[in-house]
Amino acid sequence: MSTANASTAERPDAAGPIQFIDLGAQRRRLGERIDVAIKRVLDHGKYILGPEVKELEAKLAEWAGVKHAIGVSNGTDALALALMAWGVRPGDAVFVPDFTFAATAEVVAWLGATPVFCDVLEDTFNLDPASLEAAISKARDDGLTPRAVIAVDLFGQPADYRRIEPIARDHGLKLLADAAQSFGASLDGRPAGGIGDIAATSFFPAKPLGCYGDGGAVFTNDDDAAQTMRSLRVHGQGSNKYDNVAIGMNGRLDTVQAAILLEKLSIFPEELEARQAVADRYAEALGEVVTVPSLMAGSTSAWAQYTIRTRNRDALAARLKDKGIPTAIYYPKPLSTQTAYRNYPTAPGGTPVSAELAEEVISLPMHPYLEADVQARIVTEVKQAISAD
Ligand SMILES: *Cc1c(COP(=O)(O)O)cnc(C)c1O
């Protein structure tokens with residue numbers, strides 16, 4: 001997820017170039033408020049763990065309905081901090097979906113543990129609970145210790161926690177929700193961030209709630225895990241900061257980024273509504289010609305991506321590119337087929353759905369400032385490209 005254009009140019013007209021994610025439009029809307037927020041930090045000078053970080057943490061915890069939210073350096077470190085807090089180590093198996101961004105599995109390998117790739121569901125693209133259960137038994141048979149599952153809320157929709165939570169509980173696994181793409185979404189009224197023993201999110205600029213650089217957060221109701229992660233975030237420091245009690249990292253969120261996020265959070269609920277309106281218009285216009293995303297009953301999406309499925313996806317991408325419409329492929333290769341990951345185990349039966357999705361998915365422009373006339377242009381071109389096949 002990186003196709004972010006932070007240009008602050010004037011709004012293009014409906015016939016002009018189309019942005020995949022238009023951060024410039026949001027910047028124009030927020031205007032001076034961001035400048036004022038940044039200047040406030042420059043004036044007080046508390047660049048590291050300053051007051052804006054605490055204020056943001058309180059607001060994030062309230063949003064997610066949890067006791068603790070901790071601002072961290074990025075979404076990848078957020079995932080790593082959770083596994084470190086649980087003491088994940090060599091010999092442990094951590095179950096991850098095969099169809100996700102590399103960071104989900106990378107952090108497992110950092111700790112010397114074994115990522116085990118599970119398949120995903122056809123309709124939601126999220127972790128398949130049956131594949132997870134099969135992978136747990138196999139890992140145990142292979143002499144690994146099943147320790148945790150990382151469920152990813154892909155493209156903004158929460159994973160099927162109704163079925164994943166009982167599996168994790170029955171097998172004594174910790175549940176880490178990779179909510180990097182889903183902050184702002186919910187399942188059965190539970191907000192992303194509030195689901196899982198620990199949840200991790202990212203504030204990378206192109207995520208639904210993005211800052212102007214790298215940032216992330218972890219969320220939990222577990223007092224001990226929260227205290228451990230706060231310590232690990234600052235090199236594992238103890239109550240005496242020159243007596244480190246654990247091997248940690250530099251995992252702090254910058255005060256400037258927290259100040260920016262506070263401004264962005266204030267318009268975030270409206271942006272989520274605007275994203276939903278964009279998704280509704282796509283579904284209405286394209287539902288007959290391609291496979292549009294489907295939400296589980298009871299879930300809402302933060303619409304980090306609007307990802308459709310179609311055969312001949314590459315031809316569609318090429319035609320849209322010719323017409324000035326940017327698209328992106330998340331993800332063209334399942335992790336288990338990538339060079340760095342192909343020697344790790346997969347669930348029994350492999351990951352055929354992940355392989356199929358990697359061939360057929362394509363993401364269309366999606367952001368809260370995608371206006372109806374511009375979107376109509378995109379829809380027309382998608383339909384024409386499909387019927388030309
Ligand atoms: C973006 C992303 C991450 C990593 O977040 P960074 O802030 O870029 O480190 C992890 N998992 C998923 C699913 C993501 O999309």
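In listed order, ligands and their atoms are each counted from 1.
Residue contact check: Val152 has heavy atoms under 4.0 Å from atoms 13 (C) of ligand 1. Heavy-atom contacts of Asn74 reach the following atoms of ligand 1: 7 (O), 9 (O) (cutoff under 4.0 Å). Taking every non-hydrogen atom of Ala103 and a distance limit under 4.0 Å, the qualifying atoms of ligand 1 come out as 4 (C), 10 (C). Under a 4.0 Å criterion applied to the non-hydrogen atoms of Gln181, ligand 1 contributes the atoms 13 (C), 14 (C), 15 (O).
In this structure, OG in Ser354 is found 13.0 Å from NZ in Lys333, a value given to the nearest 0.5 Å.
Nearest to atom 8 (O) of ligand 1 by heavy atom, out of Ala80, Ser182, Ser202, is Ser202.
For a threshold of 3.5 Å applied to N or O pairs, the pair formed by Thr100 and ligand 1 contains no separation below that value. Polar contact check, Gly75 against ligand 1: a nitrogen or oxygen pair lies under 3.5 Å apart.
In Asp178, the part holding a heavy atom less than 4.0 Å from any atom of ligand 1 is the side chain.
When each of Phe125, Tyr306, Trp303 is tested with Phe155 by the rule ring pair (Phe, Tyr, Trp, His ring centres under 6.0 Å), just one qualifies, namely Phe125. Partner Phe95 forms a side chain to side chain contact (heavy atoms under 4.5 Å, CB included) with one of Thr114, Val116, Ile150 and no other, that one being Val116. The side-chain hydrogen bond (donor to acceptor under 3.5 Å, both in side chains) test with His68 singles out one residue from Asp222, Asp223, Thr220, and that residue is Asp223.
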Residues 197-204 side chain polar contacts: donor-acceptor under 3.5 Å, at least two apart:
residue: Asp197; atom: OD2; partner: Leu175; partner atom: N; Å: 2.7
residue: Thr201; atom: OG1; partner: Ala179; partner atom: O; Å: 2.8
residue: Ser202; atom: OG; partner: Phe204; partner atom: N; Å: 3.0

Output a table of donor-acceptor pairs, distance under 3.5 Å, between side-chain atoms of residues 100-112 and any protein atom two or more places apart or on a different chain; print 'none' if there are none.
residue: Thr100; atom: OG1; partner: Thr104; partner atom: OG1; Å: 3.0
residue: Thr104; atom: OG1; partner: Phe101; partner atom: O; Å: 3.2
residue: Thr104; atom: OG1; partner: Asp178; partner atom: OD2; Å: 3.0

